[in-house]
Amino acid sequence: MSEPARLQELLQEAAALLRQGGVVAFPTETVYGLGADARMTSAVEAVFAAKGRPSDNPLIVHIAKDEQLDELVQQVVPTARKLMDAFWPGPLTIVLPVREGVLSPRVTAGLDTVGIRMPDHPIALALIEESGCPVAAPSANRSGRPSPTLASHVLEDLADSIDGIVDGGATGVGVESTVVQVQEDGGITVLRPGGVTLEQLSLAAGAAVQLDPALLPEAGGVSDQAPRAPGMKYTHYAPKGELRIVTGESQAEVSVWISRSLREAAARGERTGVLAFDEHIGSYEADCVLSLGSLSDLSTAAHRLYALLRRMDEERIGYILSEACPENGLGAAIMNRLRKAAGQTVIRLG
Ligand code: TXA
Ligand code: MG
């Protein structure tokens with residue numbers, strides 16, 4: 001059978017599984033998702049169970065066509081419409097007032113809103129369309145683990161607890177979608193930074209864009225204010241080893257500090273690892289030296305980040321240091337995930 005015919009057959013099988021209440025992993029442009037029919041409580045519960053996900057953390061609903069939106073939400077304000085026109089299909093999730101009685105209440109975890117996104121991946125779009133379901137899909141990792149950017153990551157975490165997987169190779173963006181909510185005054189609040197940057201949002205919508213204050217680096221995870229995307233309050237993406245981020249005004253100082261700390265850890269008998277940008281990676285010695293790509297193009301760091309964190313586990317690294325990057329553009333999402341992976345431990349020099 002030809003490749004396209006084989007893929008077509010796989011997609012039909014996967015879509016049938018979804019219609020029957022199964023849970024199926026599939027690639028999107030950001031990370032792999034674990035999909036279920038968002039209208040079917042038993043299927044949605046199977047997703048929570050497979051992931052070991054806390055039930056107060058709502059799921060994103062994925063659609064393939066604009067026409068699916070009306071059934072799911074009460075209204076779309078003009079700014080939200082502008083964002084859809086600019087970024088769908090793409091890595092943007094928009095939180096909207098949910099229409100009652102269609103989705104399983106488990107999807108929204110009791111909120112009166114639902115996060116909707118149209119993914120920009122041919123397999124995801126074909127699967128959603130073929131199934132005829134609105135597809136609830138969190139990232140297809142065990143809760144707390146780095147999100148999966150390869151089918152093998154999904155199998156590592158969930159092989160025994162899912163009904164199927166469509167392997168589409170490596171995902172592109174590598175970090176999850178940006179989650180936004182349009183406020184009553186027309187401003188946009190970013191509840192989770194992701195594949196669409198704050199700068200892009202502001203340009204497309206012509207509106208003020210602010211990061212949920214609970215996510216600001218200064219809040220450092222110790223803010224009294226709970227993040228408005230419930231998922232942002234959980235430790236996440238963490239490798240098994242102890243990860244710390246090192247920053248400072250002077251890169252020379254950062255490099256010297258990292259090199260010395262790696263040497264000291266090695267002398268204590270620890271297996272050491274470092275995540276570094278190509279501009280400085282040559283100065284480090286460790287059991288596992290992994291590149292985040294160049295600082296001049298952060299899409300590489302985003303694309304690789306989760307696979308690198310998993311790699312540290314495979315190499316049984318106990319002591320891990322990471323460089324930081326500026327928090328504009330994709331850097332906001334990268335640093336948000338790195339800080340969560342590090343349990344908010346940032347060492348600031350100088
Ligand atoms: O890129 C992505 O968004 C991936 C792919 C598979 O589409 N999905 C994903 O889903 O990252 P998940 O469940 O891992 O993360 C969803 C995030 C969580 O932080 C959750 O709290 C937030 O979105 N969220 C979902 N619905 C929400 C709502 N109604 N209000 C506020 N936050 C919401
Ligand atoms: Mg997730």
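Note that ligands are numbered from 1 as they come in the structure, with each ligand's atoms numbered from 1 the same way. None of these values were measured; they are calculated from a predicted model.
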Peer 1: So which of Thr149, Asp157, Asn141 actually passes side-chain hydrogen bond (donor to acceptor under 3.5 Å, both in side chains) with Arg310?
Peer 2: Asp157
Peer 1: Heavy-atom contacts under 4.0 Å between His62 and ligand 1: side chain, backbone, both, or neither?
Peer 2: side chain
Peer 1: Closer than 2.8 Å to the Mg ion (ligand 2): does that hold for any N, O or S atom in Asn141?
Peer 2: no
Peer 1: Polar-atom distance check: Pro230 versus ligand 1, any N or O pair below 3.5 Å?
Peer 2: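 Looking only at distances, the answer is yes, because the N/O contact criterion of under 3.5 Å is met.
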Peer 1: Any chance CD of Gln210 has more than 12 other-residue heavy atoms, nucleotides or ligands included, within less than 6.0 Å?
Peer 2: yes
Peer 1: Please determine if Ser177 has a nitrogen or oxygen closer than 3.5 Å to a nitrogen or oxygen of ligand 1.
Peer 2: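 So ligand 1 has an N or O lying under 3.5 Å from an N or O of Ser177.
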Peer 1: Going from OG1 on Thr171 to NE2 on His303, what distance comes out if it is rounded to the nearest 0.5 angstrom?
Peer 2: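 Interatomic distance, Thr171 OG1 to His303 NE2, rounded to 0.5 Å: 6.5 Å.
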Peer 1: Identify, by atom number and element, the atoms of ligand 1 in contact range of Val179, meaning under 4.0 Å from any of its heavy atoms.
Peer 2: 23 (O)
Peer 1: What protein heavy atom sits nearest atom 14 (O) of ligand 1, and how far away is it?
Peer 2: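 Ranked first by proximity to atom 14 (O) of ligand 1 is Ser139 OG, 3.0 Å.
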Peer 1: Closer than 4.0 Å to some heavy atom of Arg228 - which atoms of ligand 1 meet that?
Peer 2: 31 (C), 32 (N)
Peer 1: Can you check whether Leu158's main-chain N or O pairs, donor with acceptor, with Ser161's side chain at less than 3.5 Å?
Peer 2: yes
Peer 1: Starting at OG1 of Thr247, measure out to CE of Met335 and round the result to the nearest 0.5 Å.
Peer 2: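 That separation rounds to 7.0 Å.
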Peer 1: Out of all atoms in ligand 1, which are within 4.0 Å of some heavy atom of Leu111? Include the element for each.
Peer 2: 28 (C), 29 (N), 30 (N)
Peer 1: Does only the side chain of Pro138 get under 4.0 Å from ligand 1, or the backbone, or both, or neither? Count heavy atoms.
Peer 2: both
Peer 1: List ligand 1 atoms under 4.0 Å from Leu191, heavy atoms only on the residue side.
Peer 2: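 The list of qualifying atoms is 31 (C).
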Peer 1: Clusters formed by hydrophobic residues whose side-chain heavy atoms approach within less than 4.5 Å: which one holds Leu262, and what are its other members?
Peer 2: Val246, Val254, Trp257, Ile258, Val274, Ile281, Tyr284, Val289, Tyr319, Leu321, Ile347, Leu349
Peer 1: Within the 4.0 Å heavy-atom shell around Glu176, which atoms of ligand 1 are there?
Peer 2: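 Within the 4.0 Å cut-off of Glu176, ligand 1 contributes 1 (O), 2 (C), 11 (O).
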Peer 1: Please report whether ligand 1 has a polar contact with Thr28, defined as an N or O pair separated by less than 3.5 Å (distance criterion only).
Peer 2: no
Peer 1: Can you tell me which portion of Arg53 lies within the under-4.0 Å heavy-atom range of ligand 1? Options are side chain, backbone, both, or neither.
Peer 2: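 Side chain only; the backbone of Arg53 stays clear of ligand 1.
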Peer 1: Less than 4.0 Å between a side-chain N and a carboxylate O, is that true for Arg99 and Glu71?
Peer 2: no
Peer 1: Could you walk me through whether Thr93 and Thr178 pass side chain to side chain contact (heavy atoms under 4.5 Å, CB included), step by step?
Peer 2: CA-CA 6 Å; Thr93 296; Thr178 303; over 6 Å; no
Peer 1: Please work out which of the three classes, parallel, tilted or perpendicular, describes the rings of His62 and Phe26, given edges at 30° and 60°.
Peer 2: perpendicular
Peer 1: Considering only the protein, which heavy-atom contact is closest to atom 5 (C) of ligand 1, and what is its distance?
Peer 2: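 Nearest protein contact, heavy atoms only, for atom 5 (C) of ligand 1 is Thr30 OG1, 3.6 Å.
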Peer 1: Pro91: heavy atom below 4.0 Å from ligand 1, yes or no?
Peer 2: no
Peer 1: Going by the closest heavy atom to atom 18 (C) of ligand 1, which one wins out of Val47, Thr113, Asn57?
Peer 2: Asn57
Peer 1: Of all the heavy-atom pairs spanning Val31 and Ser139, show the shortest one and how long it is.
Peer 2: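 Nearest pair, atom of Val31 first, then Ser139: CG2-CB, 3.9 Å.
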Peer 1: Which protein heavy atom lies closest to atom 19 (O) of ligand 1, and at what distance to 0.1 Å?
Peer 2: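 Nearest protein contact, heavy atoms only, for atom 19 (O) of ligand 1 is Gly231 CA, 3.4 Å.
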Peer 1: Which protein heavy atom lies closest to atom 15 (O) of ligand 1, and at what distance to 0.1 Å?
Peer 2: Arg192 NH1, 3.1 Å
Peer 1: Determine, considering heavy atoms only, which of Gly115, Ala229, Pro58 sits nearest to atom 25 (C) of ligand 1.
Peer 2: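 Checking each option, the heavy atom nearest atom 25 (C) of ligand 1 is found in Pro58.
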Peer 1: Looking at Cys133, Pro134, Pro119, which hits side-chain contact (heavy atoms from CB on, under 4.5 Å) with Ile128?
Peer 2: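 Per the side-chain contact (heavy atoms from CB on, under 4.5 Å) rule, the option paired with Ile128 is Pro119, out of Cys133, Pro134, Pro119.
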Peer 1: Find all atoms of ligand 1 within a distance of less than 4.0 Å from any non-hydrogen atom belonging to Gly33, and give their numbers and elements.
Peer 2: 6 (C)
Peer 1: Can a donor-acceptor pair be found, under 3.5 Å and without considering hydrogens, that links the side chain of Glu130 to the backbone of Gln12?
Peer 2: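 Here the side-chain-to-backbone pair does not exist.
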Peer 1: Taking side chain to side chain contact (heavy atoms under 4.5 Å, CB included) as the test, write out the residues that go with Leu7, two or more places apart.
Peer 2: Leu11, Ile123, Val166
Peer 1: Which residue supplies the protein heavy atom nearest to atom 16 (C) of ligand 1, what is that atom called, and how far is it?
Peer 2: Ile60 CD1, 3.6 Å
Peer 1: Yes or no: does Thr108 have any heavy atom under 4.0 Å from an atom of ligand 1?
Peer 2: no
